[in-house]
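Notes to accompany the following structure.
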Protein chains: 2
Amino acid sequence: MTGKTTSEEIVDVADRLFYEKGYEHTSFADIAAEVGISRGNFYHHFKTKDAILDAVISQRLTNTRAMLEQWETDGQTPEERIRCFIRILITNQTKIMDYGCPVGTLVSELAKLNHAAQNDANRLFTLFRDWLAIQFSALGREADAEDLAMHLLARSQGVATLANAFHDERFIRAEVDAMCGWLHARAQEAA
Amino acid sequence: MTGKTTSEEIVDVADRLFYEKGYEHTSFADIAAEVGISRGNFYHHFKTKDAILDAVISQRLTNTRAMLEQWETDGQTPEERIRCFIRILITNQTKIMDYGCPVGTLVSELAKLNHAAQNDANRLFTLFRDWLAIQFSALGREADAEDLAMHLLARSQGVATLANAFHDERFIRAEVDAMCGWLHARAQEAA
DNA sequence: GTCTATACCTGGATAGAC
DNA sequence: GTCTATCCAGGTATAGAC
């Protein structure tokens, strides 16, 4: 710690607070306080709140792309790679139980606000969907790869929403197992 | 039209606006304008914004109970009754594509706000879960009724979230069919 | 680049006349 | 029960000194 510029710190803090408290409920004062700068100084780095949101989404897109690439090398087979996706529900269990899915909750909030950045935020979803579709194709499910990708994305979203509401670890593990089972069956069908 | 009292009208409008715009993003001015009363008059009926939220949640609980009772009479078998639940995704398709699930999005928002009414809102979820569990038990799945209920609830939540993000009717219909297929398989296993 | 001070607006909430 | 007027807190944004 730390080669980070102030701008980068602002984006990191904003990223976390937007996730934990929601976009609208996070104020400049909240972010400035955590970064340890004055509110005035803030505007030297970002002109508007929308500009911070754009930077946060852009950073999330970059981080997500990096994570997907990591999974490409972590998983030897398409099935293993897709399991990496399913298992983020376990990896991020604590945060998901507290705040839900970072992508799903942001997209839902922006939809209600009818916010201009809606489409940008949606690209986080399409990133996962397209990557999953590629994996399902590699698994031999070229014909319905995109449907399978959407199905899995939907199930993980639903699990995140209910995990957030009920704070139930057992439920998450059971659903993760069920998704892995479902995945294996789809792989067997293809083979 | 209308035998409704002003208080009832306020709750109806607030219910709709909380769904469409979110709780925090809906102001007293928004509600007052749609009801057609002044902001000052507003406080004659509800002292605080939290009080309106309580009233809205309470009304939703009442309406939900009525809907579940209706499904009890609509469906001849437990499987048919559960299908009533699955099909709300089709019935409310347009609204879900625009605003997501009324229950899921409210619960998620209140979680981020760390709002006192979180637990009350969660009762909307438990209402569905418990009703579904009763139906699965009646279907002969006493042993795993609650797990099946949570699974179905999660899937419908996920479909609502992605339907909201992608505005994809075809996806909703495909997932509804898949859920009905899954349900039938569970019923066959029990028989 | 960082600060203080401040303008401006919105939103929740109150008082009091009618 | 309904209104107008008003207060106050908090949030976004700007100006300008250091």
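Only heavy atoms go into these numbers, but all of them, side chains included; no hydrogens, no water, no symmetry mates. In what follows, chains carry the letters A, B, and so on, assigned in the order in which the sequence lines appear, proteins first and then strands, with residues in each chain numbered from 1. These numbers were taken from a predicted model, which means no experiment stands behind them.
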Sugar-phosphate only, base, or nothing, as touched by Thr26(B) at under 4.0 Å among non-hydrogen atoms: sugar-phosphate
Touch class at under 4.0 angstrom, heavy-atom based, for Tyr43(A) against every strand present: base
Any N/O pairs under 3.5 Å between the protein and nucleotides 1-7 of chain D? List them or say none.
from	atom 1	to	atom 2	distance (Å)
dT2(D)	OP2	His45(B)	NE2	3.2
dT2(D)	O5'	Asn41(B)	ND2	3.1
dC3(D)	OP2	Ser38(B)	N	2.8
dC3(D)	OP2	Ser38(B)	OG	3.2
dC3(D)	OP2	Asn41(B)	ND2	3.3

Pairwise side chain to side chain donor-acceptor pair (under 3.5 Å) hits with a residue in residues 156-165 of chain B, at least two apart: none
Distance check needed: [N] [atom2] versus [X] [atom1], whole Å only.
{"X": "Ile31(A)", "N": "dG10(D)", "atom1": "CD1", "atom2": "P", "answer": "17 Å"}
{"X": "Phe28(A)", "N": "dT6(C)", "atom1": "CZ", "atom2": "P", "answer": "21 Å"}
{"X": "Lys49(B)", "N": "dA9(D)", "atom1": "NZ", "atom2": "C1'", "answer": "15 Å"}
{"X": "Glu24(A)", "N": "dG10(D)", "atom1": "CD", "atom2": "C1'", "answer": "13 Å"}
{"X": "Asp30(A)", "N": "dG11(D)", "atom1": "CG", "atom2": "P", "answer": "7 Å"}

Partners passing side-chain contact (heavy atoms from CB on, under 4.5 Å) against Ala121(A) (at least two apart in sequence or in another chain): Ile57(A), Leu106(A), Val107(A), Leu110(A)
Contact list for residues 93-107 of chain A, test salt bridge (Lys or Arg N to Asp or Glu O under 4.0 Å), sequence neighbours left out: none
By salt bridge (charged side-chain N to carboxylate O under 4.0 Å, His left out) - contacts of Glu80(B) (at least two apart): none
Set of salt bridge (charged side-chain N to carboxylate O under 4.0 Å, His left out) partners for Lys21(A), sequence neighbours left out: Asp30(A)
More than 12 heavy atoms of other groups within 6.0 Å of Arg123(A) CZ: no
